[in-house]
2 protein chains.
Amino acid sequence: MKQKPTLRDVAQHAGCSITTTSNILQGRHNLYRTETVERVLGAARALGYRTNHIARSLAKQRTATIGFVLDPNHARLTHNDYAQHVLDGVLAYLELCDYDVRLISPRSNVLERLWNRIDNGTIDGAILLAPVMGSPLLEWHRHSRLPVVIAGSTLPESYEFTTVDIDNEGAMATLTEWVLQQGHRAVGFIKGHPLHWSALQRERAFRQTLAQWNVPVREEWILQGNYTIESGRRAAEQLLRQSSLPSVVICADDASAAGFIQRCTEQGVRIPQDLSVAGFDDEPLIQPLVPFLTTVRHDKYQVGYLAAQLLHQQIETGNTTPQRLLLPAAMVVRRSVLPAPALTGSAPPQSVEGGSNP
Amino acid sequence: MKQKPTLRDVAQHAGCSITTTSNILQGRHNLYRTETVERVLGAARALGYRTNHIARSLAKQRTATIGFVLDPNHARLTHNDYAQHVLDGVLAYLELCDYDVRLISPRSNVLERLWNRIDNGTIDGAILLAPVMGSPLLEWHRHSRLPVVIAGSTLPESYEFTTVDIDNEGAMATLTEWVLQQGHRAVGFIKGHPLHWSALQRERAFRQTLAQWNVPVREEWILQGNYTIESGRRAAEQLLRQSSLPSVVICADDASAAGFIQRCTEQGVRIPQDLSVAGFDDEPLIQPLVPFLTTVRHDKYQVGYLAAQLLHQQIETGNTTPQRLLLPAAMVVRRSVLPAPALTGSAPPQSVEGGSNP
DNA sequence: CTCGTGTATGGAAGCGATTCCATATAGGGG
DNA sequence: CCCCTATATGGAATCGCTTCCATACACGAG
């Protein structure tokens with residue numbers, strides 16, 4: 001049970017200086033005679049030497065670690081399938097450049113405590129996962145000199161952050177347009193979580209598209225949701241209580257779509273025969289529940305992968321000029337949206353666009 | 001854009017030595033006059049000082065960080081609901097003792113690379129999440145002096161690790177016994193992932209219980225699964241091809257149970273009228289698919305929480321004597337298991353035990 | 001023979017904390 | 001008046017590694 005060998009031990013064993021040893025172990029082989037190199041490498045192997053990354057980090061002022069920061073207002077990571085996919089992409093990229101991840105999952109909203117966890121020298125940069133509006137984490141940028149990339153939210157221009165997210169507006173516009181092309185003119189909407197920018201963006205795109213098509217927005221058909229199955233059920237109850245119903249409901253996400261459909265079915269409203277429904281996210285965990293759901297697919301893994309890549313670049317180059325990446329999403333047409341029962345709209349009929357049905 | 005302040009800066013600002021500053025900032029207030037304490041604390045606040053944990057770790061030889069190590073043979077974290085719940089428990093405990101988590105998700109099986117990621121001084125201990133049989137991570141214990149706790153697997157005695165897991169054998173014995181008490185004597189089984197100890201343990205308990213009740217095991221009704229929905233579907237196809245069928249099938253996990261039920265239903269075999277099915281895990285993601293599934297519930301969060309606690313103790317005390325924690329699980333009786341059509345067994349009828357139906 | 005150039009190596013000062021131990025001062029007892 | 005103890009503070013080594021810069025030597029050119 002001996003101590004872990006240090007650089008000094010290796011140097012001693014190899015009969016050369018610490019400098020030489022350090023250089024060779026860092027791969028600067030060409031500085032030395034091959035014989036020296038081999039001696040050092042041999043000694044390191046013989047002793048089972050392993051670089052102490054803490055010491056290295058202190059000396060280099062570089063940890064080769066990034067923080068993956070969950071928002072304290074979020075549901076816990078473990079109930080958050082989204083987080084996992086993004087994280088997976090992050091890990092995949094970091095594997096390439098040999099970086100590590102520190103998980104920062106604050107239970108507290110106290111800015112001071114948050115900072116202590118984050119800005120304590122243990123990470124070179126951070127990925128913030130979909131911070132919500134008004135999150136203390138965003139207060140951060142004023143004081144932090146740490147490179148930061150936001151994954152999963154596109155913030156308003158006023159925030160000077162690099163962001164990576166799917167193109168919520170574009171994708172929802174496409175979806176809405178497609179629904180309109182099916183002839184629907186009476187269209188409802190279930191909103192997403194009120195604190196998420198993505199929810200705002202999706203709603204905005206929905207409204208704008210309706211406006212472009214001169215289709216009136218009926219506010220009593222716009223229901224609040226929060227990206228959960230349960231909220232979809234509640235929305236259904238609210239909607240079904242009304243005297244007149246839309247011919248289609250577009251949901252800001254698959255979870256609420258699933259809840260909505262469930263509740264409708266329980267109430268004897270058949271989907272899609274009596275009412276069409278579209279979702280958004282093509283959430284794999286939801287899919288088995290409503291396998292026929294027409295929705296929009298996007299690549300969360302890719303969001304994480306690119307966020308990591310951008311962050312890595314910022315760290316390496318020191319250039320932290322904000323950028324905004326918007327990834328495209330694809331429609332997945334299944335069977336939950338039927339053509340409108342009676343075409344009455346003013347817009348010209350057009351051909352179907354978008355993804356295919358697996 | 002000035003440099004981050006260091007201890008020296010604070011000391012200077014407060015007009016005292018670095019030693020004094022360090023002591024006070026570490027909370028040893030009683031060593032000094034209150035006036036000095038206030039001066040130091042004030043200076044630290046004024047400068048926005050934040051201790052550099054890297055330097056601290058080097059000096060203390062303690063990082064206050066543990067590694068959460070996924071098995072390279074595992075599915076990726078993001079498709080692994082189990083991992084998230086355990087991780088969540090881990091985070092909850094670590095929050096209490098102010099430790100952090102480094103995520104170690106090796107893509108490689110190369111032991112040397114694995115070690116470099118793990119044993120490089122950046123963590124004080126590690127939690128291995130459910131390592132599979134023959135995993136390179138287990139080779140580890142011979143060389144590593146790092147405190148390690150295994151979460152989610154109970155290894156054979158020959159491995160000298162502290163483990164935390166649910167009581168797979170006990171829970172499966174209870175479930176099997178309950179099924180037998182319902183009068184079933186023709187009982188099939190879908191096995192879990194062949195590389196997971198939990199799968200072995202569940203199968204063993206199943207067989208032993210049958211043996212205790214003098215119920216013969218029909219090997220053609222024992223089907224291979226691997227903890228996935230798809231494997232349950234395959235098992236159903238295999239089983240339904242046979243000339244004689246069991247009256248009940250016990251599955252080593254909920255996912256394969258769901259797949260099994262799905263496929264049976266598609267083939268016109270009604271569950272539970274034609275065939276009873278029991279699951280195991282009470283998996284929340286599966287539950288919406290088969291809300292009537294009788295299964296066994298256990299607390300993965302608790303597994304993580306306790307694993308973290310044990311590891312923390314080992315780190316603090318230095319005492320790494322192996323322990324094995326087995327957490328109890330509770331039956332959840334729903335409607336997927338009916339009493340056997342005709343009682344013919346030799347065992348005495350007994351009363352129902354186990355959990356309740358929410 | 002001297003100088004410059006290039007190659008091979010080592011010395012020593014850091015990185016930013018912690019901590020052992022020494023020192024200084026004040027006050028109380030003999 | 002001196003010694004001892006307790007209280008308050010600081011000096012300096014240390015953690016293990018990186019890296020700037022110096023040194024030593026050899027060799028060909030001038």
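Predicted model only: the values in this text are computed from it and were never measured.
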Spacing between [X] atom [atom1] and [N] atom [atom2], to the nearest angstrom:
X: B/Gln26; N: C/dA17; atom1: CD; atom2: P; result: 11 Å
X: A/Asn23; N: D/dC17; atom1: CG; atom2: P; result: 14 Å
X: A/Leu31; N: C/dT9; atom1: CG; atom2: P; result: 10 Å
X: A/Asp9; N: D/dG16; atom1: CG; atom2: P; result: 9 Å
X: A/Asn52; N: D/dT18; atom1: CG; atom2: C1'; result: 13 Å
X: A/Gln61; N: C/dG14; atom1: CD; atom2: P; result: 14 Å
X: A/Leu58; N: D/dG16; atom1: CG; atom2: C1'; result: 9 Å
X: B/Leu25; N: C/dT19; atom1: CG; atom2: P; result: 13 Å

Distance below 4.0 Å between [X] side-chain N/O and [N] OP1 or OP2:
X: B/Thr20; N: D/dG10; result: yes
X: A/Arg33; N: C/dT9; result: yes
X: B/Tyr49; N: C/dA17; result: yes

Once you measure the plane-to-plane angle for A/Tyr93 and A/Tyr305, does it fall in the parallel (<30°), tilted (30-60°) or perpendicular (>60°) bin?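 Perpendicular: the ring planes of A/Tyr93 and A/Tyr305 meet at over 60°.
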Between B/His196 and B/His193, what is the ring plane arrangement, given parallel below 30°, perpendicular above 60°, and tilted in between?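 Taking B/His193 first and then B/His196, their aromatic rings stand perpendicular (interplane angle over 60°).
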Counting side-chain heavy atoms from CB outward, which of [options] is closest to [X]?
X: A/Thr36; options: C/dT9, D/dG16, D/dC20; answer: C/dT9
X: A/Thr6; options: D/dT18, D/dC17, D/dT9; answer: D/dC17
X: A/Lys60; options: C/dA17, D/dT18, D/dC17; answer: D/dT18

Compare every heavy atom of B/Leu7 with every heavy atom of B/Ser22, then report the nearest pair and how far apart it is.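 Shortest heavy-atom contact: CB-CD1, 3.6 Å.
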Would you say that B/Leu91 contacts B/Leu87 through its side chain, given a criterion of any heavy-atom pair below 4.5 Å between the two side chains?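 With C-beta onward as the side chain, the pair touches.
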Between the base of C/dG11 and the side chain of A/Ser17, is there any donor-acceptor pair under 3.5 Å?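 No pair found.
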Please confirm whether any donor atom in the side chain of A/Ser22 sits under 3.5 Å from an acceptor in the base of D/dT19, or the reverse.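 It does not, because no donor-acceptor pair links the side chain of A/Ser22 to the base of D/dT19 below 3.5 Å.
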Decide yes or no on side chain to side chain donor-acceptor pair (under 3.5 Å) for A/Thr63 and A/Asp124, but give the supporting numbers first. CA-CA 6 Å; A/Thr63 62; A/Asp124 296 335; 3.0 Å; yes
Please check: side-chain N/O of B/Asn52 versus main-chain N/O of A/Gly121, any donor-acceptor pairing under 3.5 Å?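 Judged by distance alone, no pair lies under 3.5 Å.
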Heavy atoms under 4.0 Å, any strand shown: does A/Ser57 hit a base, just sugar-phosphate, or nothing?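 Nothing, no nucleic acid heavy atom in range.
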Counting the atoms with a prime plus P, OP1 and OP2 as sugar-phosphate, which does A/Ile18 contact under 4.0 Å by heavy atoms, base, sugar-phosphate, or nothing?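 Base contact.
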Taking the axis from the first five pairs and the axis from the last five, what angle separates them in the helix from C/dC1-D/dG30 to C/dG30-D/dC1, rounded to 10 degrees?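 Result, rounded to 10 degrees: 70°.
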If you find the nucleotide of DNA chain C closest to B/Arg28 and the one closest to B/Ala55, which residue's nucleotide is nearer the 5' end?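 Mapping each residue to its closest nucleotide by heavy atoms, the 5'-most match is B/Ala55.
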Decide whether A/Tyr49 and A/Asp9 meet the rule of one side-chain donor and one side-chain acceptor closer than 3.5 Å.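 Note: A/Tyr49 and A/Asp9 side chains miss the donor-acceptor criterion.
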Is the shortest side-chain N to carboxylate O distance from B/Arg50 to A/Glu112 below 4.0 Å?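 Looking at B/Arg50 and A/Glu112, the cut-off is met.
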